[in-house]
Novice: 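Below you'll find the structure I mean.
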Amino acid sequence: MYRALCFIGILTFTAVFGWWLFIPLSIIYVFLVKLPYEIIILGLVFDSTYYFGGNFVSMYRMTILSLLLIGLALFLNERIRWNKVI
Amino acid sequence: MIYLQKHTNRSWTSKIWSKIGYVIIIIATIFVLSNSSQALHRVVTNMLAPLFEVGGFFYDNFFYLPKFFTDKNALIEQNNKLSAEIEKLQSGLIDVKLIKFENDELKSALRINKNSNFIVASVVSRAPQITMDTVFLDKGDNENIKVNDLVLLSERLLVGKIINTSSHQSTVLLNSFAGTKSFGLIERTGEMVELLGQGGGAMRTTVPIDFDILIGDEVITEGVPAYLIAVVSSTVEDKVSGFKEVFFSYPIKVSKVRMLFIKSMFNQ
């Protein structure tokens with residue numbers, strides 16, 4: 001339930017207030033939620049909405065960021081102590 | 001009966017490999033989805049359109065908030081100043097109307113079609129809500145807007161082109177978007193220049209130091225009708241290298257406009 005709310009929250013706040021909000025929100029989300037694969041979907045959604053440029057890295061900027069974050073969370077899974085696992 | 005739960009002793013390397021496997025599956029899924037990016041773009045923009053409108057409304061009104069707290073005398077003074085400016089502009093408008101009439105006469109003499117079909121669209125969102133030098137418009141496929149259609153700020157000022165469309169929304173890429181190249185002629189001399197977008201409404205080019213270009217020179221497109229692309233705003237000479245950097249900007253602040261005109265490339 002909390003995960004779904006967080007997901008909708010990031011989607012709404014980023015769409016209303018600006019693409020740049022996705023970066024801090026996704027970082028917070030990764031540290032709040034255990035293995036949050038959902039941010040990849042969000043990254044893909046925002047990449048298809050906003051235009052950052054014609055090359056591959058620019059086209060998939062948000063997806064790459066979310067992949068890096070999820071990768072980090074995946075490999076630090078047993079190191080990070082989530083205070084409250086959502 | 002008591003059952004003992006036995007832990008499987010998976011090695012450290014097998015755990016790593018399983019995680020790498022997950023990452024590969026995720027990347028593969030993204031590549032599959034990215035092949036249908038245009039379809040995804042349509043679905044997502046239609047879904048998020050109301051949120052963009054809310055955001056656009058917020059940013060439009062947010063910057064007016066401090067004005068509610070300004071001094072009344074300052075507002076009266078500003079009002080008087082604006083009234084004087086309106087009077088001045090009204091006298092200038094008569095001259096413009098005369099020039100427009102003369103221009104229409106000349107166009108009809110040259111047999112240039114003056115009834116070109118422009119689609120008027122409102123700006124839904126702009127930076128900082130979306131990326132700099134891109135604009136979302138409230139018209140899309142349903143209003144016959146296509147990718148690569150020209151986007152104009154007035155009948156003569158070309159600012160960009162359409163790069164994405166959905167059923168009721170389209171994305172404009174301004175000529176000043178970082179890395180975007182556009183070509184034009186300097187109206188005064190007829191010399192060709194390549195403008196490279198710098199972001200934030202700025203463009204630039206590098207030319208030899210003896211290249212004839214002055215501040216205020218207009219850059220226009222080749223062909224008929226010729227559209228104004230940019231105006232030279234400053235030049236920086238580098239005598240050591242023998243080149244000079246020329247900076248261009250739009251004659252009007254694109255970040256403030258609420259309406260844009262779209263000219264279909266199909267009709268041309």
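Order of the sequence lines sets the chain letters (A, B, ...), proteins ahead of strands, with each chain counted from 1.
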Novice: Taking side chain as everything from C-beta outward and backbone as N, CA, C, O, which of these in F57(B) sits under 4.5 Å from a heavy atom of chain A? Side chain, backbone, both or neither.
Specialist: neither
Novice: Can you confirm whether I163(B) sits close enough to Y51(A) that some side-chain heavy atom of one is under 4.5 Å from a side-chain heavy atom of the other?
Specialist: yes
Novice: So which part of T131(B) gets closer than 4.5 Å to some heavy atom of chain A, the side chain, the backbone, both or neither?
Specialist: both
Novice: Would a line drawn from the ring center of F13(A) to the ring center of F22(A) be shorter than 6.0 Å?
Specialist: no
Novice: Please classify the contact between F58(B) and chain A as side chain, backbone, both or neither, with a heavy-atom cut-off of under 4.5 Å.
Specialist: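 Contact with chain A is through the side chain of F58(B) alone.
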Novice: Which atom pair, heavy atoms only, marks the closest approach of I119(B) to E143(B)?
Specialist: CD1-O, 3.4 Å
Novice: Decide whether N46(B) and S167(B) meet the rule of one side-chain donor and one side-chain acceptor closer than 3.5 Å.
Specialist: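 Checked: N46(B)/S167(B) side chains pair up, N/O donor to acceptor below 3.5 Å.
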Novice: Can you say whether L48(B) sits under 4.5 Å from chain A via the side chain, the backbone, both, or neither, judging by heavy atoms?
Specialist: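 Interface part for L48(B): side chain.
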Novice: Tell me yes or no: between the side chains of D133(B) and S176(B), is some donor less than 3.5 Å from an acceptor?
Specialist: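 Indeed, the side chains of D133(B) and S176(B) share at least one donor-acceptor pair under 3.5 Å.
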Novice: Only pairs of heavy atoms separated by less than 4.5 Å count here; which of V43(B), L173(B), T180(B), V54(B) has the most with chain A?
Specialist: L173(B)
Novice: Check whether W19(A) gets within reach of chain B through its side chain, its backbone, both or neither, counting any heavy atom under 4.5 Å.
Specialist: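 For W19(A), the contact with chain B is made by backbone and side chain together.
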